[in-house]
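Below: one structure, written as structure tokens.
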Amino acid sequence: MIKIFDTTLRDGEQSPGCSMNLHEKLQLARQLERLGVDIIEAGFPAASQGDFESVQAIARSLSKTTICGLARCTKDDIDAAYNAIKDAAYQRIHVFIATSDIHLKHKLKKTRSEVLASIAEHVGYAKSLVDDVEFSCEDASRTDLDFLCEAVAVAIKSGATTINLPDTVGYAVPEEYANMIKTVIDNVEGADQVDISVHCHNDLGMAVANSLAAVNVGATQVECTINGIGERAGNAACEEIVMALKTRNDYYGKDTSVVTTEIMRTSNLLEQITASRVSPTKPIVGKNVFAHESGIHQHGVLQEKSTYEIMDPAMIGIQEAENLVLGKHSGKHALRTKLEELGYEVDDAQIEEVFIDFKSIADSKKQIYDRDIHALMIKEYQKLSGGYELVDYSSFTSNGKESKTIIKLSNGKDTIERVGSGAGPVDAAFDCMANIVGDKFQLEDFAIHSVTRGKDALGETFLSLRSNGDVYNGKGLSNDIIKSSIIAYVNAVNQEQYKPTEDQE
Ligand code: KIV
Ligand code: ZN
């Protein structure tokens, strides 16, 4: 069995525009538990109060999955990680320090023997708090192999039960990375008694290949993120690792505990929460992955699916037909039943709120699909995050004339109303938003597409704003595309409050 260690909520959340609020993190953590990953790295508790609180909330609300908190080699970090995860049913502390000469010289300004002493002290300290301790040699793939073996030996002697050897900068190639893993397994005393973990970044597009090459020589844990989100080019994608092991079980001969039929739902949920769109050609979860365009391929698939399909879409939870769920006459009970079926937990107060939004969509849209319900729920979680809320808007546009849009927003205390102008109604709406929130946000990306089919389909807007070097993603949803664009802008602006407060290395 290969353990799947999901770090979407920690390493993944560090990617530009992917910050999540507490409700969104909890929602995703619950879905990761349903997906069946073995360990959830819920965050870096010492990084900020917000991170601490979300790790703690996740630790308190899940019951089957091991919850892990990240810590640098300092007692304060380890105490924060311990306090955040201590109420979890299964707890893990993940301690790390860099071991490559480049990091020792330029970042840590420590000698090799100082690093070894720090590993012994801090892995030992974490072990005094919990049984399950993971230790990572940051930048392992650029570390001198003899020193790497020394560092791993010290960590194992000090009580680490998992040793993680990251390709932090995405520099490794598969044969070389596998050789590093094998050298450690073959040469370090006790390495066969602990889990050997891999954690690969995708800078050269080899994160998944490197992880699988390591599995082939004895790695027993893979660290990954949903949709491959993460720093720079991202981390190894969880769905790709899991489906490669499953589809090529004849080659790898290794299983995971992941419930593959939950993959698509998890990917969609993350896409909705972070408003970070999955590329149509993204392996496993991209929307083109099971579409056959060429006539020859279509013909083959119609005769026999296995001619051009190596995976059954049902295996990853893709429904052949979109299932029609509810309509304008559906009541609260039907809505609650549907929400539970889709995996959402809602209390009585929330169902009242969601029902109001549901009714307003149902009034303007005849058929409501599962995807509409998912989109509706994300809107609910975004509402809980505070910040600005759209109260009203009007837009005036005609051919060849400048458009005008008036927007009224509430910030919880006051209502603010401004006017904006532009080449079209959306341009005018964004000009108006800049008049309200200031011009520090630059529009970086903007896309609208329909959630389902039909002329009454909801329009989903994904948009990215840049401010002071940070990127904020926002999503809007309405069957009026001007409204959905304004909501996306408002949500992106509201994301600014979840910006990590400290350098997470
Ligand atoms: O990429 C990396 O080295 C990390 C460590 C903190 C495990 O994310
Ligand atoms: Zn990483």
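The basis for the numbers below is simple: all heavy atoms, side chains too, and nothing from hydrogens, waters or symmetry mates.
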Between Arg92 and Asp132, is a salt bridge (Lys or Arg N to Asp or Glu O under 4.0 Å) present by the stated rule, with each step listed?
-> CA-CA 5 Å; Arg92 174 178 293 190; Asp132 186 345; 2.8 Å; yes
Test: [X] and [Y] ion pair at under 4.0 Å:
| X | Y | value |
| --- | --- | --- |
| Glu262 | Arg265 | yes |
| Arg336 | Asp348 | yes |
| Lys107 | Glu138 | yes |
| Lys408 | Asp392 | no |

For the student: nearest non-hydrogen atoms of [X] and [Y], plus distance:
| X | Y | result |
| --- | --- | --- |
| Pro425 | Ser395 | CB-OG, 3.3 Å |
| Ala488 | Leu463 | O-CD2, 3.7 Å |
| Glu271 | Phe462 | O-CE2, 3.9 Å |
| Val391 | Leu409 | CG2-C, 3.8 Å |

Hey, does [Y] have a side-chain heavy atom less than 4.5 Å from the side chain of [X]?
| X | Y | result |
| --- | --- | --- |
| Ile368 | Ile361 | yes |
| Val133 | Thr162 | no |
| Glu13 | Ser19 | yes |
| Arg72 | Phe44 | yes |
| Ile284 | Ile316 | yes |

So, for Tyr171 and His201, is the gap between ring centers shorter than 6.0 Å?
-> no
Taking the six-membered ring for Trp, are Phe430 and Tyr489 ring centroids under 6.0 Å apart?
-> yes
Any sub-3.5 Å donor-acceptor pair from Ser197's side-chain atoms to Asn164's backbone N or O?
-> no
